[in-house]
Amino acid sequence: MTAGGPAAEPAVRTRGLTKRFRSGQVAVDHIDLVVPRGAVYGFLGPNGSGKTTTIRMLLGLVSPTAGSVELLGSSMPGGGPVVLPRVGALVEGPAFHPYLSARANLERLDAVDATASPQSRPGRIDAALERVGLTAAAAKKYRQYSLGMKQRLGLAAALLRPRDLLLLDEPTNGLDPQGTREVRALVRELADGGATVLVSSHLLSEIEQVCSHVGIMSRGELLAQGTRAEIAETGTTEVRVMTRPDQRAHVARVLTGLGLEDVRVDGEVVAAPLGGTAVEKVAQAVVGDGVDLLGLEVRRPTLEDVFVRLTGEGFDVDR
Amino acid sequence: MAPTGTVRVPSDVVLSLVSGTLGHSGPMDTTRSLSPRVRWAVPAVAAGAVAAAFLVPAAVGAVASDDLPAVTADELVDRVANAEKVPVSGTVVYTARLGLPDVTVSELQGAGPLDLLGGSTTMRVWSDGEDASRAALLGDVSEYSVVRSGPEAWTYSSADDEAVHYVVDPADLERYEALADEAAEPSVEGDVPTPSEAADLALAQARIYTDITTTDPVEVAGRSAYQVELRPQTDGTLVDRIRVAVDAETSVVLRTQVWSVQDTEDPALEVGFTDVSFDAPDPSVFDFSPPAGAEVREVEVPLPEPGTMEKPGSEALGEDAGFAVSGTGWETVVEVSDVDVEEILGATAEGRLPEGSTGSSGADDLLEEFTDAEEGELPGIPELDTQALYDQLTTPVDGGRLLTSALLSVLVTDDGRVLAGAVPPATLEELAG
Amino acid sequence: MSIVDTPVPVAPAAPARATARLLRSELRLVFGRVRNLVLLAGLAAVPLLIGTVLFVTQSTPVAGQGPPFLDRVTGNGVFLVFAALVSCLPFLLPLCVAIVSGDAIAGEASTGTLRYLLVVPVPRTRLLLAKAVAALAFAGAAVVAIAVVGLAAGAAYFGVGDVVLLSGDTIPLAAGMLRTLGVVGYVIASLTGLVAVGLFLSTLTEVPVAAMASTVVVAIVSGVLDALPQLSAIHPGLLTHHWLDFGEFLRLEVDASTLLAGLAVQGAWVAIFGALAWSRFTTADVSS
């Protein structure tokens, strides 16, 4: 880790962070984000749930209506000059000058960085382009880039210099499955190198595999946050009993008799949240009651269950 | 640029702003932590500073300098009359609120004497205190110059690149030499007024028919000046009062203001230095030779006969043929008869486009047809139409046309008489009968 | 490849060096853009066009007509510089200033590059300053281009010689060239106020064309107000009122106070609109 970066200090911490727009709309509502050092933090939420506004506030682009932001131990936006050089960011998609080549665009970004060394610039630009697979298209005008290539160039810009923290807003947007896999690999590689990565997405599936931590936003509120395991545990463990069709109602009665709530027949199985009841007891009770037990499964909650439960299913945007 | 209300900004804020805006030395901490309210105070402060910078000097300039030894009005008039001629140069602003229809033409024509009919005009003047002087009427990228040196004078207009050379009639030259000390000057068409010239006219009237008082000293063009106020005793004139500011040190007239009875707040006529120096100008200033390629016109000016040397308006003016004076003092009316206005107007409008300038009379006709220009005028930029100007300035009245302004009335009768005076129009109509 | 093997250098370059680097990048951006170069070439073509027209028509009866200085050009090519400047001042030069200054912030906002500049990070005050200087540099380049092409075309078509001042006096060519330099410098300085106005308008919107158009409108409205005699009281403070005061360099004695008055008015506009632009830009949320 870098000097002055004790693991105790989270890479990102917000306290009561709030943004109310002039229209009166509350985009972000008192969120307390904590991204531990070295974590890969999946910042999840439907479109319009306030993820991008939060990231803009983290970077000092938008000033909070209330609350505070700390990045790598420095408070923002005041600490920006010191801390932002250590932060790579992709905010709401890539943006470059359309009439400049990819290389010229990166050169421009690096040239205006007071903390970047002009001597190492060509080498660092080459490395960044290489890393996102754009070396061959470096001389092409940005205007001629496809959506996926633009996204890659945005990542290259975030990787122009060694970073301690990366804030990647929807980095897989516009990428094909192969590109999405590459981004995941890149995130893993960055994390392995010791960097903290915050990846936002409205699709859990795209980042679930790489996250160590998860925060779930909906309608401006941070509904849940923690390690993957912690979040998953907030879901419910279910017991699922398989039996012959004519015995399903019977099984349901038995389960209810055991004190289980919300017993339901779900296709071929009878399911119910396990609650505090031991699974052996369920098995004994079912068998003891003369049911032909064809199968019994204890299903641990998944992240997706939690995500769907918190944000709802389907394509609805939050606002 | 309007001054804004009071804005209080803590001094440390200002300091950090300076370091943030100018030096970039402060970390962004300082600048970014300023509240938006404080940041928005900065333009308000800037506006206030600008307003102060532009308005305060003007206000200070008007403040009277009262550490001058007191003088009486009579002493002051004497001082001006007997002042030793000194070299003067500087900038003079002439403002006329004569209530004439707007005939501003300098936008199209470049600077010229007609500018003096209304609005504000800036002039540069130079005088060696003896017989050489120069005045330049300034327009936007144009200039009208009057350069006078002894018995000859030049006018030059940059807009039409035309120079006029005035010389004293050779027959009179000898007499001119003799009179040189008496400040006889060739009369130059389109003469430009200076503060002292305007004051001389007024002071000539001063001792009779006029109440003369001094008012508080003022500062004009950065110099302390006495002020004398002249009020006509009669109410039969358009002139309400005249104020003359006299430099305390050199007794040079620095400013003359004339108020009309129609508006006793803003002077109808004001001519004064905004910037003055009493160092002798470089002699080359008075040494004019027309530029190569300029159109040069020679004019010989006969020296006035000894009897008519006095300024018009004074009673000593003789009654020449066709020239009559009635009334006295401020109510004097001058009457000139046998004037053919139409002919004068015609003469000045003629000769702008010589016949056959395109080489074929057919083409000339075609050109005129297409350009909607009046006979004899060039297409392109509008030339000054004398007839139109005359129509614009005057209004038809019973038996003639009348020009009224805040200070002067002129009546041109249909039978060819011209009456003029600083009197209400009714007086002229009465006199004309 | 691990990204934390190398410690991140966080000691920033000296502010002056950093500003110079930023400015160089801005200049490259402004002068490297095809649209801007076309604009520059268009302005430079004005004296060429005027010179050609005058050269072709010089022996016809319409010769000698038109705005100030035009009738002098055929006699002395130096005047083509002044004639071209007078022709460009009312609209083309303001347009040029408006395009570059109106684009300064709004252009970056509309492409989204503004947010990436700010997270580099580039301090907002420094960015605004660099944008202002780059816009002014472009306006200056436009004026210089008009002057240089004007002088070259004037010399080629009509030759150059001693310069006749507005007062009718004639000064040697060398002194005339010095005064021409003064004219160019004054005209450039005259555009600073409009640069500040354009920059401010540019901070208000994410639509660069809107900022450009309103900047042109400001210049034109100022010119219209300046032509209304009823408003003579406010004329001395108008943005465009002193623009033609460059004529002072062509008078017998160049009066510094006249020039300084014009520059002071520009300074006032720069102070007020520069401060407004700063307040707006450093407090605004960047949500583009």
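Sequence lines set the chain letters: A, B, ... in the order given, protein chains first and strands last, and positions in each chain run from 1. In this text the structure is predicted, and so the values were computed from the model without any measurement.
- Salt-bridge formation is not detected for the pair C:E253/B:R134: no Lys NZ or Arg NE/NH1/NH2 atom is positioned less than 4.0 Å from an Asp or Glu carboxylate oxygen.
- Side-chain contact check for C:T240 and C:S222: at least one donor-acceptor pair (N or O, by modelled atom type) lies under 3.5 Å.
- Interface remark: C:A264 contributes backbone and side-chain atoms alike to the contact with chain B (heavy atom separation under 4.5 Å).
- Residues B:D161 and B:Y156 have side chains that bring a donor and an acceptor to within less than 3.5 angstrom of each other.
- No part of C:F273 comes within reach of chain B, as not one of its non-hydrogen atoms sits under 4.5 angstrom from that chain.
- Pairs of residues two or more places apart, or lying in two chains, that qualify as side chain to side chain donor-acceptor pair (under 3.5 Å) and include a residue from residues 283-293 of chain B are B:D282-B:S284.
- Put simply, of C:G274, C:S167, C:A275, C:S257, the one with the most heavy-atom pairs under 4.5 Å next to chain B is C:S167.
- For the set C:G161, C:G75, C:A271, C:G168, the entry with the most heavy-atom pairs within less than 4.5 Å of chain B is C:G168.
- Here the side chain of C:W278 pairs no donor or acceptor atom with the backbone of B:V42 at under 3.5 angstrom.
- Put simply, of C:E248, C:R251, C:R72, the one with the most heavy-atom pairs under 4.5 Å next to chain B is C:R251.
- The part of C:F69 that comes within reach of chain B is its side chain, from C-beta onward, which places non-hydrogen atoms under 4.5 angstrom from that chain.
- Residue B:V147: no heavy atom, backbone or side chain, is found under 4.5 Å from chain C.
- Applying the salt bridge (charged side-chain N to carboxylate O under 4.0 Å, His left out) rule to pairs touching residues 258-284 of chain C yields nothing, sequence neighbours excluded.
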